Amino acid sequence: MQARARILVVENGTHVCGYVLLLMRQNSRIARTYSLAVAPEHRQMGMARTLLACTESVAMASGRNRIRLEVREDNAAAIRLYTSVGYRPFDRIASYYEAAPPQVDRTAAIRMEKLI
């Protein structure tokens with residue numbers, strides 16, 4: 001049975017510098033980047049780009065031909081990054097993000113996809 005989730009982690013000693021979580025549904029050619037994070041002190045070093053490239057390799061090796069993700073509509077830096085590596089928006093989901101009460105966020109998400 002093929003793994004349907006992969007987590008790729010960049011470590012420096014015992015410190016996690018960044019990670020990406022990739023989900024792959026059975027009988028689907030689409031992979032989904034569920035979560036990507038880079039520690040603040042490791043940003044602007046190309047780590048997110050490297051992690052995204054690694055997800056493509058893992059997804060292709062698992063028989064996928066596309067990767068999708070959701071990103072906060074107000075996260076301009078992430079949208080620029082995803083666009084610069086070939087992701088294209090294809091949908092918008094209103095009120096996608098919610099914060100824990102009493103704070104209500106309700107920010108929309110942009111769905112993006114990349115053919116690999």
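As the structure is a computational prediction, the values presented were derived from the model and not from experiment. Excluded from the calculations below are hydrogen atoms, water molecules and symmetry mates; all remaining heavy atoms, backbone and side chain alike, are included.
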To the nearest 0.5 angstrom, please state how far the [atom1] atom of [X] sits from the [atom2] atom of [Y].
{"X": "Ser62", "Y": "Arg4", "atom1": "OG", "atom2": "CZ", "value": "12.0 Å"}
{"X": "Arg25", "Y": "Leu23", "atom1": "CZ", "atom2": "CG", "value": "10.5 Å"}
{"X": "Glu70", "Y": "Met112", "atom1": "CD", "atom2": "CE", "value": "11.0 Å"}
{"X": "Arg64", "Y": "Ile116", "atom1": "CZ", "atom2": "CD1", "value": "9.5 Å"}
{"X": "Leu52", "Y": "Ser57", "atom1": "CG", "atom2": "OG", "value": "11.0 Å"}
{"X": "Cys54", "Y": "Leu22", "atom1": "SG", "atom2": "CG", "value": "11.0 Å"}

Note, [X] side chain near [Y] side chain (heavy atom, < 4.5 Å):
{"X": "Tyr82", "Y": "Asn75", "answer": "no"}
{"X": "Arg88", "Y": "Leu115", "answer": "no"}
{"X": "Glu11", "Y": "Cys17", "answer": "no"}
{"X": "Ile67", "Y": "Glu56", "answer": "yes"}

Among Leu21, Val16, Leu51, side chain to side chain contact (heavy atoms under 4.5 Å, CB included) partner for Val9: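 With Val9 as partner, Leu21, Val16, Leu51 yield a single side chain to side chain contact (heavy atoms under 4.5 Å, CB included), made by Val16.
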
For Leu8, the option from Thr50, Val20, Leu36 that meets side chain to side chain contact (heavy atoms under 4.5 Å, CB included):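 So, applying the side chain to side chain contact (heavy atoms under 4.5 Å, CB included) to Leu8 and each of Thr50, Val20, Leu36, only Val20 qualifies.
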
Under-4.0 Å salt bridge between Arg92 and Glu73: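 Glu73 and Arg92: salt-bridged.
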
Starting from [Y], can I reach [X] by hopping between I/L/V/M/F/W/Y residues whose side chains sit under 4.5 Å apart?
{"X": "Ile79", "Y": "Val38", "result": "yes"}
{"X": "Val10", "Y": "Met45", "result": "no"}
{"X": "Ile30", "Y": "Val71", "result": "no"}

Thr14: side chain to side chain contact (heavy atoms under 4.5 Å, CB included) partners, not counting sequence neighbours: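 For Thr14, no residue satisfies side chain to side chain contact (heavy atoms under 4.5 Å, CB included) once neighbours in sequence are set aside.
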
Side-chain (Arg43) to main-chain (Glu41) donor-acceptor, under 3.5 angstrom: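 Flag not set: sc Arg43 to bb Glu41 has no pair under 3.5 Å.
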
Under 3.5 Å: donor-acceptor pair, side chain of Arg111, backbone of Ile93: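 Side chain of Arg111 to backbone of Ile93: no pair is present.
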
Can you name the nearest heavy-atom pair linking [X] to [Y], along with the distance?
{"X": "Gly86", "Y": "Lys114", "answer": "O-CG, 3.8 Å"}
{"X": "Tyr97", "Y": "Ala109", "answer": "CE1-CB, 3.7 Å"}
{"X": "Met24", "Y": "Ala59", "answer": "SD-CA, 4.3 Å"}

Qualifying residues under side-chain hydrogen bond (donor to acceptor under 3.5 Å, both in side chains), relative to Asp74, sequence neighbours excluded: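 For Asp74 the side-chain hydrogen bond (donor to acceptor under 3.5 Å, both in side chains) partners, ignoring immediate neighbours, are Arg72.
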
Donor + acceptor pair across side chains of Arg49, Ser84 (<3.5 Å):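 Judged by distance alone, the side chains do pair up.
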
ring-ring contact (aromatic ring centres under 6.0 Å, His included): pairs with one or both residues in residues 7-38, sequence neighbours excluded: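 Found His15-His42.
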
